[in-house]
> 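Take a look at this one; I'll ask things after.
Nothing here was measured: the structure is a model prediction, and the numbers come from that model.
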Amino acid sequence: MTVENVTDTERKQPRFHFDRYAPEYRENFQAITEAMQSECPLAWTDTYDGHWVAAGNREVFELARCPHISNDHDPQGVRKGYRGISIPPAPRARGIRGGILEMDEPEHRELRSALNPYLSPAAVQRWVPFVDEVVRAAIDEKIESGRIDFVDDLANVVPAVLTLGMLGVPLRKWTIYNEPVHAAVYTPPDSPDYPRVAEMHRTMGLDLLTNLAEIRESPRPGLIHAVASAQVNGGLLPDMEILGMLSLLIGGGFDTTTALTAHALEWLSQNPGERETLSRERDLLLDSATEEFLRYYTPAPGDARTVAEDCEVAGASFREGDRLWLSWAMANRDPAVFENPERLILDRKGNRHYSFGLGIHRCIGSNVARTVFKRMLVAVLDRMPDFRCIPEETVHYDTIAVIQGMRHLPTEFTPGPRLGPGLDETLAKLQRVCDEQRLAEPVTVRRGAAQI
């Protein structure tokens with residue numbers, strides 16, 4: 001059968017009730033994944049106005065790389081009115097395109113090429129001494145007390161400070177950005193706290209626009225300058241397009257790394273023998289363990305697409321305009337690709353997970369995420385080797401619809417000595433490092449590592 005000669009009822013088969021926003025999806029993720037992969041690795045669901053769901057590894061791979069599938073978000077309806085990577089559309093983002101992740105070629109390629117010199121492995125490696133100082137200071141704030149919240153006091157702090165440094169935003173402003181970025185993910189629109197979160201978002205957006213205006217008036221290095229100066233479609237991007245790209249960099253830089261770190265530390269607390277092995281054999285295990293934590297806890301569980309042309313892919317008949325959800329998280333648990341996928345295996349070999357996506361839209365910040373995660377993890381293993389997370393005080397996100405994250409991860413450990421000044425004093429020093437060494441320059445201009 002071809003797309004032209006089947007009815008919608010006939011082609012939208014098989015059907016599976018899939019609601020990734022339901023708390024049950026987080027609680028029963030493995031069971032739902034196994035059911036879909038064995039019965040319907042590509043299925044139609046009627047939730048959220050109806051869309052396809054790809055759960056199988058092969059199906060996700062084929063669709064993510066299909067030339068007839070679009071990422072485009074066209075909120076003004078000037079092209080085809082496609083709705084980007086969110087199902088359903090996020091209330092606050094309906095009028096703004098989410099940067100390169102919601103662009104097709106050639107726009108995607110043109111803007112991405114302007115950002116690559118800031119986010120390549122060599123560019124990120126220059127920031128490692130900076131990252132280590134932030135990690136050290138954050139731990140020093142709590143090390144003498146024997147108690148820390150790994151989310152609030154560490155995993156939220158370090159990615160936020162680094163992201164602002166790379167953007168060219170003053171480091172002291174990390175608190176303006178930190179809470180609204182995380183709260184926007186875990187606060188549903190019907191929550192009584194939603195107005196407060198929305199107000200924090202407005203404050204953050206205003207500060208971002210203020211920094212953009214300052215950098216246009218008096219350029220300083222960083223990703224804001226790179227986006228504002230990028231040539232796309234033969235000209236500069238409008239302010240709302242710039243804001244969308246910067247919001248993508250902030251959201252991707254903050255919450256995903258926080259989520260990965262929190263889940264890894266929680267698992268290591270629950271598996272102290274594995275924690276001791278990882279610490280002792282880190283030279284051999286750190287890289288493979290990082291990839292396994294990424295596979296198992298897929299921080300960003302999936303992305304939406306729009307079918308841009310009638311086609312048949314992975315055994316299904318698609319029509320132009322169909323919406324599609326690609327589940328990176330479920331593809332990462334496919335037993336056809338991963339042996340014992342429901343187990344976290346620190347030395348797993350050949351770990352070709354999809355946690356950073358696939359194809360041309362693969363996450364541009366993957367080098368940052370891996371580096372920051374490893375530096376935080378190693379510091380905790382060294383300075384809090386007997387840490388124990390407190391299950392009754394741990395708070396996970398209610399859903400894993402957008403990010404598989406945590407709000408709180410309180411932890412106890414044997415107290416230790418401080419190694420240096422606290423966070424505020426350290427950020428003031430690091431701001432001078434950024435300014436004097438022009439640390440946020442692209443790697444094509446500046447190659448040396450930060451001198452702290």
> Looking at R126 and P129, what are the two nearest heavy atoms and their distance?
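Minimum heavy-atom contact is O-CD, 3.5 Å.
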> Regarding R275 and the six-membered ring of F387, is the cationic atom NZ or CZ under 6.0 Å from the ring centre and inside 45° of its axis?
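The answer is yes, since R275 meets both limits relative to F387.
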> So that I can tick it off, tell me whether D49 and R323 are bridged by a salt bridge, with the cut-off set at under 4.0 angstrom between side-chain N and carboxylate O.
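Salt bridge: no.
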> Taking the six-membered ring for Trp, are H182 and F254 parallel (under 30°), tilted (30 to 60°) or perpendicular (over 60°)?
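Plane angle between 30° and 60°, so tilted.
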> Can you label the angle between the Y297 ring and the H263 ring as parallel, tilted or perpendicular, going by 30° and 60°?
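Y297 and H263: parallel rings.
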> Identify, with sequence neighbours excluded, every residue that meets side-chain contact (heavy atoms from CB on, under 4.5 Å) alongside Y82.
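side-chain contact (heavy atoms from CB on, under 4.5 Å) check on Y82 returns S70, D72, K80, T306, A308, E320.
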> Report the C-alpha distance between L212 and L208 in whole Å, list the side-chain angles of each, state the deciding distance to 0.1 Å, and finish with yes or no for side-chain contact (heavy atoms from CB on, under 4.5 Å).
CA-CA 6 Å; L212 174 61; L208 197 56; over 6 Å; no
> With salt bridge (Lys or Arg N to Asp or Glu O under 4.0 Å) as the criterion, how do D287 and R370 come out once you've worked through the C-alpha distance, each side chain's angles and the decisive distance to 0.1 Å?
CA-CA 9 Å; D287 288 346; R370 285 187 172 105; over 6 Å; no
> For the residue pair H361 and H108, does the interplanar ring angle fall in the parallel (under 30°), tilted (30 to 60°) or perpendicular (over 60°) class?
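It falls in the tilted class, 30° to 60°.
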> Should Q437 and R446 count as side-chain neighbours, where that means a heavy-atom distance under 4.5 Å?
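Yes, close enough: below the 4.5 Å cut-off.
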> Would you compute the distance between atom NZ of K142 and atom CZ of R418 and round it to the nearest 0.5 angstrom?
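Rounded to the nearest 0.5 Å, the NZ-CZ separation comes to 10.5 Å.
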> With no hydrogens and no angle check, do the side chains of S288 and N351 hold a donor and an acceptor under 3.5 Å apart?
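S288 vs N351: no donor-acceptor pair found between side chains.
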> Begin with the C-alpha distance, continue with both residues' side-chain angles, and end with the deciding distance and a verdict on side-chain contact (heavy atoms from CB on, under 4.5 Å) for F29 and R333.
CA-CA 10 Å; F29 170 76; R333 299 285 185 98; 3.9 Å; yes
> Should we say atom CD of Q125 is surrounded by more than 12 heavy atoms from elsewhere, each under 6.0 Å from it?
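Incorrect, the count does not exceed 12.
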> Can you tell me how far apart OH (Y296) and CG (N332) are? Round to the nearest 0.5 Å.
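The OH atom of Y296 sits 12.0 Å away from the CG atom of N332.
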> Show the nearest heavy-atom pair for residues L249 and L119, with the distance to one decimal.
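Distance-wise, the nearest heavy atoms are CD2-CD1, 4.3 Å.
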> If we count only N and O atoms by modelled type, under 3.5 Å, do the side chains of R136 and T426 hold a donor and an acceptor together?
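Checked: R136/T426 side chains pair up, N/O donor to acceptor below 3.5 Å.
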> Restricting to non-hydrogen atoms, name the atom on P75 and the atom on I96 that form the minimum distance, rounded to 0.1 Å.
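Taking P75 first and I96 second, the nearest heavy atoms are CG-N, 4.3 Å.
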> Using a 4.5 Å cut-off on heavy atoms from C-beta on, say whether the side chain of R20 contacts that of V53.
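No - every pair of side-chain heavy atoms lies 4.5 Å or more apart.
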> Within a reach of under 6.0 Å around CZ of R352, are more than 12 heavy atoms found that belong to other residues, nucleotides or ligands?
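Open.
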> Side-chain donor-acceptor pair under 3.5 Å between D398 and Y21, yes or no?
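On atom types as modelled, these side chains do not qualify, holding no pair under 3.5 Å.
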> I'd like to check the side chain to side chain donor-acceptor pair (under 3.5 Å) partners of E393; sequence neighbours left out, ordered by chain and number.
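Residues passing side chain to side chain donor-acceptor pair (under 3.5 Å) with E393: R147.
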> Say whether R172 and Q431, considering side chains only, have a donor N or O and an acceptor N or O under 3.5 Å apart.
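Side chains of R172 and Q431: no pair found under 3.5 Å.
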> List the steps, then state whether salt bridge (Lys or Arg N to Asp or Glu O under 4.0 Å) holds for R58 with E62.
CA-CA 6 Å; R58 180 182 66 84; E62 291 187 19; 2.9 Å; yes
> What do the steps show when you test Y177 against V169 for side-chain contact (heavy atoms from CB on, under 4.5 Å), and what is the final call?
CA-CA 10 Å; Y177 290 76; V169 174; 4.1 Å; yes
> Taking N178 for its side chain and W174 for its backbone only, find out whether a donor-acceptor pair lies under 3.5 Å.
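No, because the side chain of N178 does not come within donor-acceptor range (under 3.5 Å) of the backbone of W174.
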> Between the side chain of S120 and the main-chain N/O of A123, is any donor-acceptor distance below 3.5 Å?
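At least one qualifying donor-acceptor pair exists.
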> Is a side-chain donor or acceptor of T258 paired with a backbone partner of A155 at a separation under 3.5 angstrom?
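Yes; judged by distance alone, with no hydrogens or angles, the pair exists.
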> Assess the residue pair R196 and E199 against the criterion (salt bridge (Lys or Arg N to Asp or Glu O under 4.0 Å)); give the C-alpha distance rounded to whole Å, side-chain angles, the decisive distance to 0.1 Å, and a yes or no.
CA-CA 5 Å; R196 183 183 72 89; E199 181 58 34; over 6 Å; no
> Assess the side chains of T414 and D386: does a donor N or O sit below 3.5 Å from an acceptor N or O?
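Per modelled atom types, T414 and D386 side chains form a pair under 3.5 Å.
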> Angle class for the F18/H51 ring planes (parallel below 30°, perpendicular above 60°, tilted otherwise)?
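Correct class here is perpendicular.
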> Hey, mind stepping through R383 and D140 against salt bridge (Lys or Arg N to Asp or Glu O under 4.0 Å) and telling me if it holds?
CA-CA 10 Å; R383 301 189 66 190; D140 274 351; 2.5 Å; yes
> Measure from NZ or CZ of R348 to the centre of the six-membered ring of F338, then state whether that distance is under 6.0 Å and the direction lies within 45° of the axis.
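No, a cation-pi geometry is absent between R348 and F338.
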> Could you give the distance from CD1 (I85) to NE2 (H73), rounded to the nearest 0.5 Å?
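So the gap between those two atoms works out to 9.5 Å.
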> With no hydrogens and no angle check, is any side-chain donor or acceptor of S86 less than 3.5 Å from a backbone partner on G84?
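A pair under 3.5 Å: no.
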> Could you give me the CA-CA distance, side-chain angles and deciding distance for D334 and Y354, then say whether side chain to side chain donor-acceptor pair (under 3.5 Å) is met?
CA-CA 11 Å; D334 193 332; Y354 297 164; over 6 Å; no
> Say you draw a straight line from CZ of R305 to CD1 of I87; how long is it, rounded to the nearest 0.5 Å?
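Interatomic distance, R305 CZ to I87 CD1, rounded to 0.5 Å: 10.0 Å.
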> Any side-chain heavy atom of V131 within less than 4.5 Å of one from T371?
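Of all side-chain heavy-atom pairs linking T371 with V131, none is under 4.5 Å.
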> Do F413 and I143 come close enough that some side-chain heavy atom pair is under 4.5 Å?
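They are in side-chain contact.
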> Within the 4.5 Å heavy-atom criterion, are M200 and V197 side-chain neighbours or not?
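SC-SC contact between M200 and V197 confirmed.
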> Taking the side chain as everything from C-beta on, heavy atoms only, tell me whether V158 gets closer than 4.5 Å to R375.
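No, too far: nothing below the 4.5 Å cut-off.
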> Regarding S279 and R282, is there a side-chain donor-to-acceptor distance under 3.5 Å anywhere?
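The criterion, which ignores hydrogens and geometry beyond distance, is satisfied for R282 and S279.
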> With sequence neighbours excluded, what pairs up with A369 under the side-chain contact (heavy atoms from CB on, under 4.5 Å) test?
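Only T257, F356 meet the side-chain contact (heavy atoms from CB on, under 4.5 Å) criterion with A369.
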> In this structure, are over 12 heavy atoms from other groups packed under 6.0 Å from R362 atom CZ?
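Yes, enclosed.
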> Just wondering, are more than 12 heavy atoms of other shown residues or ligands nearer than 6.0 Å to CZ in R65?
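At most 12 heavy atoms, drawn from other residues, nucleotides or ligands, come within 6.0 Å of this atom.
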> In Å and rounded to the nearest 0.5 Å, what is the CD1 to SG distance from I148 to C389?
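It comes to 10.0 Å.
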> With a 4.5 Å limit on heavy-atom distance, are the side chains of P159 and M376 in contact?
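Yes. Closest side-chain heavy atoms under 4.5 Å.
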> For Y118 and E441, which heavy atoms make the closest approach, and how far apart are they?
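Taking every non-hydrogen atom into account, CE2-C, 4.1 Å.
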> Decide side-chain contact (heavy atoms from CB on, under 4.5 Å) for R109 and I360; before the verdict, give the C-alpha distance in whole Å, the side-chain angles of both, and the deciding distance to 0.1 Å.
CA-CA 8 Å; R109 181 179 63 254; I360 62 171; over 6 Å; no
> Using 0.5 Å steps for rounding, measure from the CZ atom of F16 to the CG atom of D46.
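Answer for the CZ-CG pair, F16 versus D46, is 13.0 Å.
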> Closest heavy-atom contact between M406 and E266?
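Shortest heavy-atom contact: CE-OE1, 3.2 Å.
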> Any side-chain heavy-atom pair from N28 and Q30 closer than 4.5 angstrom?
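Of all side-chain heavy-atom pairs linking Q30 with N28, none is under 4.5 Å.
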> Indicate the atoms forming the closest heavy-atom contact of R220 with G168, along with that distance.
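That would be NE-O, 2.7 Å.
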> Is it the case that the side chain of D149 and the backbone of D152 share a donor-acceptor pair, with hydrogens and angles ignored and the cut-off at 3.5 Å?
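Yes.
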